[in-house]
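Since the model is a prediction, treat every value here as computed from it, not as a measurement.
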Amino acid sequence: MDCYIDPEKHRFRVFRDLPRHEPADMLNLVRLREKASYEDGREATGAEAYKAYGTESAPIFSAVGGTILWSGDPQFMVIGPEQEIWHIAFIARYPSAQAFLDMVYNRDYQAIVFHRQAAVETSRLIRMAPRPVDGSFG
């Protein structure tokens with residue numbers, strides 16, 4: 001499986017070009033490294049490094065109006081490649097795509113994102129537009 005930790009520049013440009021003033025729900029799927037890969041050589045598990053990322057990014061996430069809509073522990077891949085194992089799954093809602101960009105460009109956020117980079121083996125981040133729920137799948 002390919003490793004996806006940070007957005008590729010061309011994808012981030014496309015994200016920035018999408019409407020910025022609409023709510024953005026971000027589906028996160030994360031596979032952690034067994035051992036974190038810190039450039040400074042510090043020792044931690046991937047789970048410990050991701051916890052540090054979550055703790056340190058929480059005030060910044062909250063300040064831009066972000067909330068967690070749903071969080072769960074993936075248990076079993078019913079449909080899809082069995083080798084796609086995810087340790088963490090959640091949906092983060094931002095009041096606007098601009099709020100997400102504000103978080104990502106925040107100097108304090110940029111100073112702590114190295115915890116996420118050390119923790120994550122691979123991930124998926126999918127921007128979704130909220131839509132009304134009518135009780136059906138379609």
N/O donor-acceptor pair under 3.5 Å between [X] side chain and [Y] backbone:
X	Y	answer
S71	F90	no
N28	M26	yes
E82	M77	no

Minimum heavy-atom distance G46-L32, with the two atoms named: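 So the minimum-distance heavy-atom pair works out to O-CD2, 4.1 Å.
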What residue pairs, at least two apart or across chains, pass side chain to side chain donor-acceptor pair (under 3.5 Å) with a residue in residues 60-70?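 Applying side chain to side chain donor-acceptor pair (under 3.5 Å) to every pair that reaches into residues 60-70, excluding sequence neighbours, yields nothing.
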Is [X] linked to [Y] within one hydrophobic cluster, defined over Ile, Leu, Val, Met, Phe, Trp and Tyr using a side-chain heavy-atom separation of less than 4.5 Å?
X	Y	answer
V113	L101	yes
V30	I68	yes
V64	L125	yes
F15	Y105	yes

Enter the distance from [X]:[atom1] to [Y]:[atom2] here, rounded to the nearest 0.5 Å.
X	Y	atom1	atom2	value
E84	T122	CD	OG1	8.5 Å
Q117	I112	CD	CD1	9.5 Å
S123	I5	OG	CD1	7.0 Å
N106	I60	CG	CD1	5.0 Å
I126	D25	CD1	CG	12.0 Å
R16	R11	CZ	CZ	14.5 Å

Distance-only donor-acceptor hits, side chain of residues 128-138, under 3.5 Å, sequence neighbours excluded:
| from | atom 1 | to | atom 2 | distance (Å) |
| --- | --- | --- | --- | --- |
| D134 | OD1 | S136 | N | 3.0 |
| D134 | OD1 | S136 | OG | 2.8 |

Identified ring pair (Phe, Tyr, Trp, His ring centres under 6.0 Å) counterpart of F61 within the set Y94, F100, Y109: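 Among Y94, F100, Y109, the one meeting ring pair (Phe, Tyr, Trp, His ring centres under 6.0 Å) with F61 is Y94.
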Is it true that D102 and Q98 share a donor-acceptor pair across their side chains at a distance under 3.5 Å? yes
Ignoring hydrogens and geometry beyond distance, is a side-chain donor-acceptor pair present between E56 and H115 at under 3.5 Å?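 Yes - a donor-acceptor pair under 3.5 Å links their side chains.
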Is it true that E48 and K51 have a side-chain N and a carboxylate O under 4.0 angstrom from each other?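 Salt bridge between E48 and K51, a charged N being under 4.0 Å from a carboxylate O: no.
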Fit a plane to each ring of Y50 and Y53, take the angle between them on a 0 to 90° scale, and name the class: parallel (under 30°), tilted (30 to 60°) or perpendicular (over 60°). tilted
Side chain to side chain contact (heavy atoms under 4.5 Å, CB included) involving E34 - partner list, sequence neighbours excluded: none
How would you list all residue pairs meeting salt bridge (charged side-chain N to carboxylate O under 4.0 Å, His left out) that involve residues 112-121, not counting sequence neighbours?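 Every pair satisfying salt bridge (charged side-chain N to carboxylate O under 4.0 Å, His left out) with a residue in residues 112-121: R31-E121.
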Checking one residue: F114. Which other hydrophobic residues are in its cluster under the side-chain 4.5 Å linking rule?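 Via sub-4.5 Å side-chain contacts, F114 links to Y38.
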Who passes salt bridge (charged side-chain N to carboxylate O under 4.0 Å, His left out) against E43, sequence neighbours left out? K35
